[in-house]
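Take a look at the structure set out below.
Naming convention: chains lettered A, B, ... in sequence-line order (proteins, then strands); numbering from 1 in each chain.
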2 protein chains.
Amino acid sequence: MELKRAAEGEKGFEKVFAFLRERLLAGSLKPGDRLISERELATQLGVSRPIVREALRALTVLGIVEIRDRIGTVVTRPDVSVLNDFFTFALAQQADMLDDVMQARVAIECQAIRLACERANITDFERLQRALAKIGETIDEADAGGMADFDFHRAIVVASHSETLTVLHSSMAGLLTHSHRSRRELVQAFPSMKTYLIDDHRRIFEAVIARDPERADATLREHFAIGDEYRRRALVGDMDKTSASR
Amino acid sequence: MELKRAAEGEKGFEKVFAFLRERLLAGSLKPGDRLISERELATQLGVSRPIVREALRALTVLGIVEIRDRIGTVVTRPDVSVLNDFFTFALAQQADMLDDVMQARVAIECQAIRLACERANITDFERLQRALAKIGETIDEADAGGMADFDFHRAIVVASHSETLTVLHSSMAGLLTHSHRSRRELVQAFPSMKTYLIDDHRRIFEAVIARDPERADATLREHFAIGDEYRRRALVGDMDKTSASR
DNA sequence: TTATCATACTGGTCTGACCAAGATCAGACC
DNA sequence: GGTCTGATCTTGGTCAGACCAGTATGATAA
């Protein structure tokens with residue numbers, strides 16, 4: 001049996017993990033399915049229950065499985081939180097990764113906006129419009145403004161109708177929420193940012209409405225670049241009130 | 001004790017996990033550090049050793065920690081394999097995610113090539129050139145050709161000097177290796193693909209050498225689009241020998 | 001001083017047990 | 001007959017102690 005074979009070489013934890021992985025990858029274990037009990041799994045694989053628990057716990061943190069107290073273990077649909085956890089840990093140990101993550105976010109979002117131009121429906125447009133309006137309303141508030149900014153960008157990714165892009169984006173956006181907020185705090189220092197924030201987002205919105213991927217992508221990239229420019233100026237203490245070059 | 005406090009609310013596994021997470025995120029546990037022994041951890045937290053092992057195993061699959069047999073548990077630098085595992089599982093249960101992952105890969109790679117135009121050094125150029133040469137040499141071999149193709153694209157991402165992009169790309173590229181290979185199998189059906197494969201990669205290479213982000217991005221996107229077109233034709237059985245429209 | 005070896009440690013695993021609470025089904029009650 | 005109740009089985013959650021097999025270290029012998 002190919003299933004048995006895979007579980008023969010390894011021992012202990014690896015054995016159980018490989019056994020379950022195989023079934024999960026092969027599709028014989030689908031989301032919603034309930035696994036056999038830990039004890040039964042242990043006897044079937046010839047290992048002890050603690051070992052089985054290790055494997056189940058491993059699958060749990062990977063978001064593949066959910067252990068329900070006194071109910072059983074069920075297969076779940078993989079979700080975002082895993083990536084979130086990973087990035088959180090990874091970032092904590094490599095602070096310089098933040099700029100890197102930002103690059104990845106730009107990558108995801110620019111691709112997403114291209115897809116959004118093709119796939120977005122009325123609902124998506126409306127969500128974008130609401131987010132856009134919110135940005136205008138909350139332009140003077142750091143917290144609410146940052147949230148509105150975040151929502152707009154998330155709406156773009158959602159409009160791409162790509163699960164993977166959405167997952168990746170949200171896992172990274174979580175780490176960058178403070179960046180949205182801190183950007184808004186710059187508004188006090190740079191009054192020109194108000195028009196930048198409002199106009200840029202509007203132009204992005206319009207490009208999506210026009211279903212013009214190239215223009216949308218370019219506008220979005222420009223938007224990020226200008227944001228970087230503002231942050232750079234703030235860092236070097238260049239507090240003059242002229243707007244960033246466009 | 002603030003350390004104790006964080007571990008008070010939860011019980012068992014959560015307790016240990018939270019305890020370790022706190023130290024990991026706070027930075028008091030850095031990559032390279034060796035954790036105290038499982039037994040000691042168990043007594044300090046008032047739990048049994050199997051529970052400690054669950055937590056350590058959880059951190060292991062998250063790539064945060066490495067358990068070395070008879071040596072101890074050490075903190076590691078998070079690496080790719082986690083995302084790889086996750087995507088592998090996720091993909092298995094949502095096959096329609098494959099196209100989605102491809103989109104994410106395009107996103108990463110297009111961003112990477114832009115960065116590569118700015119950051120690539122001589123070493124990167126040389127690696128790209130070698131990969132390009134390899135593509136020409138192995139143009140008639142499905143396996144080696146697919147590998148060469150893969151290497152070229154990976155070289156682009158490496159040249160971006162962005163850890164995060166590299167991590168994301170390699171985790172997704174792993175799932176798409178067969179796509180490289182299957183593309184090469186199309187070469188038999190579409191002789192025009194030979195020039196497509198060679199010329200496209202050369203043009204991409206030249207754009208990076210020229211340090212022209214816009215052109216590089218556009219060329220790369222075009223490259224992907226044409227690849228899609230070939231695959232589409234193969235699906236519908238359109239086996240005519242004309243080259244894909246450019 | 002050096003080389004060898006005993007010992008204390010480490011992770012890896014097993015056994016068997018207890019607890020608390022959901023799931024189930026038999027039996028009692030209406 | 002139908003519904004309700006409660007004993008029992010099963011499930012995850014956990015613990016305690018034990019054994020194995022190598023590693024690391026230090027003490028002892030050369």
Side-chain angles (χ1 to χ4, degrees), chain A residues 4 6-21 23-24 29-77 81, chain B residues 4 6-21 23-24 29-77 79 81 85:
Chain A
K4 200 78 177 294
E8 268 175 2
E10 297 89 359
K11 58 197 63 157
F13 168 81
E14 292 294 340
K15 192 156 142 190
V16 184
F17 193 76
F19 175 83
L20 292 173
R21 168 169 52 200
R23 316 245 157 166
L24 288 167
L29 277 179
K30 297 178 300 295
D33 290 356
R34 199 159 65 257
L35 270 62
I36 57 181
S37 74
E38 297 177 355
R39 291 168 227 267
E40 200 165 346
L41 211 46
T43 60
Q44 278 194 20
L45 292 177
V47 298
S48 65
R49 197 147 86 91
I51 302 302
V52 172
R53 302 208 90 237
E54 280 184 38
L56 292 180
R57 192 69 82 174
L59 290 173
T60 299
V61 301
L62 284 176
I64 316 291
V65 133
E66 187 185 346
I67 305 181
R68 292 179 186 164
D69 198 355
R70 282 155 239 134
I71 304 288
T73 307
V74 300
V75 182
T76 65
R77 271 223 359 240
S81 56
Chain B
K4 200 82 178 289
E8 266 174 4
E10 298 88 358
K11 60 195 62 156
F13 168 81
E14 292 293 342
K15 193 156 143 192
V16 185
F17 194 77
F19 175 83
L20 291 173
R21 170 168 51 201
R23 317 243 158 164
L24 259 348
L29 276 178
K30 298 178 299 299
D33 290 356
R34 199 160 64 257
L35 270 63
I36 58 181
S37 74
E38 297 178 354
R39 292 168 228 266
E40 200 166 346
L41 212 44
T43 60
Q44 279 194 18
L45 293 176
V47 299
S48 64
R49 199 147 83 91
I51 302 302
V52 172
R53 301 209 90 238
E54 280 183 35
L56 293 181
R57 192 67 83 174
L59 290 174
T60 298
V61 300
L62 284 177
I64 316 292
V65 133
E66 186 185 346
I67 306 180
R68 293 181 186 163
D69 196 357
R70 280 154 244 144
I71 303 287
T73 306
V74 300
V75 182
T76 65
R77 273 225 353 244
D79 80 327
S81 56
D85 285 352

| query | Between B:Ala42 and B:Ser48, which heavy-atom pair has the shortest distance, and what is it? | reply |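 Scanning both residues completely, I find the closest heavy atoms to be CB-C, 4.0 Å.
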
| task | Give the minimum heavy-atom separation between B:Phe13 and B:Ile51, together with the two atoms involved. | result |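 Scanning both residues, the minimum pair turns out to be N-CG2, 3.4 Å.
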
Below 3.5 Å is the cut-off: list the nitrogen or oxygen pairs between protein and nucleotides 19-27 of chain D, distance only.
none

| request: Look at the side-chain N and O atoms of A:Thr73 and state whether any lies under 4.0 Å from the OP1 or OP2 oxygen of D:dT11. | output: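 Negative; the distance criterion is not met.
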
| field | Phosphate OP1/OP2 of D:dT11 contacted by A:Ser37 side-chain N/O (<4.0 Å) | value |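 Indeed, a polar side-chain atom of A:Ser37 lies that close.
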
Take the protein atom [atom1] of [X] and the nucleotide atom [atom2] of [N], then report the distance between them rounded to whole Å.
X	N	atom1	atom2	answer
A:Arg34	D:dT10	CZ	C1'	11 Å
A:Glu38	D:dT14	CD	P	10 Å
A:Glu54	C:dT13	CD	P	7 Å
A:Ile67	C:dG22	CD1	C1'	16 Å
B:Leu41	D:dC15	CG	P	13 Å

| In Å and rounded to the nearest 0.5 Å, what is the CG to CZ distance from A:Leu24 to A:Phe17? |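 One finds 8.5 Å between CG of A:Leu24 and CZ of A:Phe17.
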
| field | Shortest side-chain distance from B:Arg57, nucleotide among D:dC15, C:dT13, C:dG11 | value |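 It is C:dT13.
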
| field | Toward the 5' end of DNA chain C, by each residue's nearest nucleotide, A:Ile51 or B:Leu56 | value |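 Nearest-nucleotide comparison on DNA chain C picks B:Leu56.
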
| Mapping B:Pro50 and B:Leu35 onto DNA chain C by nearest heavy atom, which one lands closer to the 5' end? |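 It is B:Leu35 whose nearest nucleotide is closer to the 5' end.
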
| task | Report the base-pairing partner of C:dC30 (Watson-Crick or G-U wobble, both distances below 3.5 angstrom), or none. | result |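 The answer is D:dG1, by the H-bond criterion.
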
Identify every side-chain donor-acceptor pair in residues 55-76 of chain A under 3.5 Å, counting partners at least two apart or on other chains, and give the distances.
residue, atom, partner, partner atom, Å
A:Arg57, NE, B:Glu54, OE1, 2.7
A:Arg57, NH2, B:Glu54, OE1, 2.8
A:Thr60, OG1, A:Leu56, O, 2.7
A:Thr76, OG1, A:Gly63, O, 3.1
A:Thr76, OG1, A:Ile64, O, 3.3

| B:Leu35 side chain reached by B:Leu29 side chain, heavy atoms, under 4.5 Å |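 B:Leu29 reaches B:Leu35 side chain to side chain.
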
